[in-house]
Amino acid sequence: MKKYLYAQELPEQWDEGLGGNPYLSRSFLSFIESVDDSEKAYYLFEESDGTLDTRFMMHKRRDYNLTMFSRIKTRVEMNFIYVPLSVSRPGIIPGEAAKKEVAEFLHSVKGYKILLNVQASYTLRGFTRGFTCPRCVLDLRWNSFDDYISALRSSYRHRYKKALNKSSGLSLYFLNDNKMFDEQLYTLYLEVYDHSPYKLEKLSLDFFRGAMFKIFVLADGAGPVGFVQLLPNGSELIFEFVGFSHEKNREYDIYIRLLLEIIRYGIEEGYQTIDFGQTADEAKLKLGCHYETLYALLSHSNPLINAVLKMTARYIQYKPLDEGKFHVFRGETA
């Protein structure tokens, strides 16, 4: 095992086999360090011949609500094996050869440890597994946005045409330079963050100025009323974050319009899928998204606390919606 404190120290082979996870690339990790001040470290496990096996980043948060998916609050200091940006990807590139050594190392870390957004196939000895927020993914199979609207069942088509009509007077534009992302736009993000039932961390303004993102804005005569941040990732478009005025949302249907504009952009730019993220899943399932189930692995260095976690995990895990009740497209069955 090798430990690094800064992304710039990581060897070049760290970027090999990331499996479509852009957040664990050395360049993105360096960007994270510049916009997030949590305590971080990077771990690399190699086989005896030097072949890379498991890689992960770990960071510490001191006020994490362990039971955020339940009605109670349990604030703890948590060691996260996770990207500290509320993204829908794990903070680990798992391997099989070093699985035992990874488990042993993590068990040696004092206190709580959690791996977020791992696949069902990945488990670790001594860690309790439970559901976390699933990822909402839309497969783009239409040649145009009009084809997408036409494919909807009448009730959904009526709802989205209504949103498009209510917001038709708004202007839509991309930021030519993300350095133009200002306090006014950041206030829209904070408004959404403050209304969110699940809060991991609050992003800084500088995060939205990252050059790798695409940001488009909706504005009325008084200025911006909403924005969306996107990350191109090969044939996939990733929906990062959104901000909008809740007051003006009632007038313009801003949130629905922003979601529809993501789909329009994805189709017109030739993407195959859109990763819509893990929150507001009902609204996204109604767009035609499907779930990709994700898990959390949780452990504590104290055996008694670890035993309690095993007994209570099913009560504090995320409760996914029944996606079978959303028949969004014509001819679609459960």
Side-chain angles (χ1 to χ4, degrees), residues 35 85-88 133 136 138 140 145 148-149 152 156-232 237-269 271 274-289:
V35 299
L85 299 173
S86 298
V87 298
S88 60
C133 298
C136 296
L138 182 66
L140 300 180
F145 181 72
Y148 165 76
I149 294 295
L152 298 167
Y156 293 98
R157 187 165 60 251
H158 174 75
R159 172 69 184 91
Y160 297 147
K161 284 187 174 181
K162 181 180 177 182
L164 292 169
N165 288 333
K166 287 178 68 174
S167 60
S168 61
L170 301 178
S171 61
L172 175 70
Y173 60 90
F174 277 89
L175 295 185
N176 294 324
D177 184 340
N178 288 348
K179 292 179 182 177
M180 298 167 61
F181 191 94
D182 57 17
E183 291 286 353
Q184 188 175 13
L185 289 170
Y186 186 61
T187 298
L188 296 175
Y189 158 72
L190 292 178
E191 186 168 345
V192 172
Y193 174 84
D194 290 338
H195 280 81
S196 173
Y198 310 129
K199 297 179 175 67
L200 280 182
E201 59 270 307
K202 183 186 296 184
L203 300 171
S204 69
L205 186 151
D206 285 336
F207 171 78
F208 295 93
R209 292 176 173 170
M212 68 287 292
F213 301 116
K214 296 282 188 180
I215 295 176
F216 66 77
V217 179
L218 278 176
D220 64 9
V225 296
F227 77 89
V228 158
Q229 181 191 43
L230 305 169
L231 178 64
L237 183 64
I238 302 176
F239 171 29
E240 293 285 333
F241 296 97
V242 64
F244 62 88
S245 164
H246 283 74
E247 179 183 358
K248 292 190 175 183
N249 189 50
R250 291 188 288 271
E251 179 181 356
Y252 296 127
D253 236 341
I254 300 165
Y255 182 58
I256 295 299
R257 171 69 185 279
L258 291 170
L259 294 179
L260 292 173
E261 290 300 336
I262 296 171
I263 296 174
R264 188 197 304 272
Y265 179 77
I267 294 172
E268 292 179 350
E269 294 298 314
Y271 290 97
I274 300 176
D275 175 355
F276 268 101
Q278 296 172 273
T279 57
D281 40 351
E282 181 172 356
K284 295 166 184 177
L285 291 174
K286 288 179 178 178
L287 293 172
C289 291

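- With salt bridges taken as basic N to acidic carboxylate O contacts below 4.0 Å, one links Arg264 and Glu261.
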Worked check of side chain to side chain contact (heavy atoms under 4.5 Å, CB included) between Phe276 and Asp281: CA-CA 9 Å; Phe276 268 101; Asp281 40 351; over 6 Å; no
Test log, rule side chain to side chain contact (heavy atoms under 4.5 Å, CB included), inputs Tyr271 and Leu138: CA-CA 11 Å; Tyr271 290 97; Leu138 182 66; over 6 Å; no
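- Rounding to the nearest 0.5 Å gives a distance of 11.5 Å between NZ of Lys284 and CD1 of Ile274.
- Between Asp206 and Arg209, at least one side-chain nitrogen of the basic residue sits less than 4.0 Å from a carboxylate oxygen of the acidic one, meeting the salt-bridge criterion.
- Ring to ring, Phe241 and Phe207 are close: their centroids are under 6.0 angstrom apart.
- Across all their heavy atoms, Ile149 and Arg157 have their closest contact at O-CD, 3.2 Å.
- Side-chain atoms of Ser204 come within 3.5 Å of backbone atoms of Val35 as a donor-acceptor pair (strictly under, hydrogens ignored).
- In this structure, the side chain of Ser168 engages the main chain of Asn165 through a donor-acceptor pair within 3.5 Å.
- The two residues Pro224 and Val217 come nearest to each other via the heavy atoms CB-CG1, 3.8 Å.
- The minimum heavy-atom distance between Leu258 and Val242, with the atom names listed, is CD1-CG2, 3.6 Å.
- At a threshold of 4.5 Å between non-hydrogen side-chain atoms, the residues Tyr255 and Val192 do not count as touching.
- Aromatic ring centroids of Phe208 and Tyr189 lie under 6.0 Å apart.
- Between Leu237 and Glu269 the shortest side-chain heavy-atom distance does not fall below 4.5 Å.
- Around the NZ atom of Lys166, the shell of radius 6.0 Å holds more than 12 heavy atoms that belong to other residues, nucleotides or ligands.
- Separating the CG atom in Asp220 from the OG atom in Ser171 is a distance of 8.0 Å, to the nearest 0.5 Å.
- Distance check, rounded to the nearest 0.5 Å: CG of Leu185 to CE of Met180 gives 9.0 Å.
- Listed here is the closest heavy atom pair of Leu203 and Leu85: CD2-CD2, 3.7 Å.
- Side-chain contact check for Leu231 versus Lys214: every heavy-atom pair is 4.5 Å or farther apart.
- Here the straight-line distance linking atom CG of Asp194 with atom OG1 of Thr187 works out to 10.0 Å at 0.5 Å rounding.
- Side chains of Leu140 and Tyr148 form no contact here, defined as non-hydrogen atoms less than 4.5 Å apart.
- Here the rule is side chain to side chain contact (heavy atoms under 4.5 Å, CB included) with Phe213, and of Asn178, Leu230, Leu175, Ile238 only Asn178 fits it.
- Here the CD1-CZ distance, from Ile262 to Phe239, works out to 4.5 Å after rounding to the nearest 0.5 Å.
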Val228 vs Leu218, side chain to side chain contact (heavy atoms under 4.5 Å, CB included): CA-CA, chis, key distance, verdict: CA-CA 9 Å; Val228 158; Leu218 278 176; over 6 Å; no
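- Separation of atoms OH (Tyr265) and CD1 (Ile267) is listed at 13.0 Å; rounding is to 0.5 Å.
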Working for side chain to side chain contact (heavy atoms under 4.5 Å, CB included), residues Phe181 and Gln229: CA-CA 11 Å; Phe181 191 94; Gln229 181 191 43; over 6 Å; no
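- Here the closest heavy-atom approach between residue Ala222 and residue Gln184 is recorded as O-NE2, 4.3 Å.
- Put simply, the side chain of Arg159 reaches to within 4.5 Å of the side chain of Asp253, judged on heavy atoms.
- Annotation for Tyr252 and Ser167: closest pair O-CB, 3.3 Å, computed over non-hydrogen atoms.
- Taking the six-membered ring for Trp and the full ring otherwise, His246 and Phe244 have centroids separated by under 6.0 Å.
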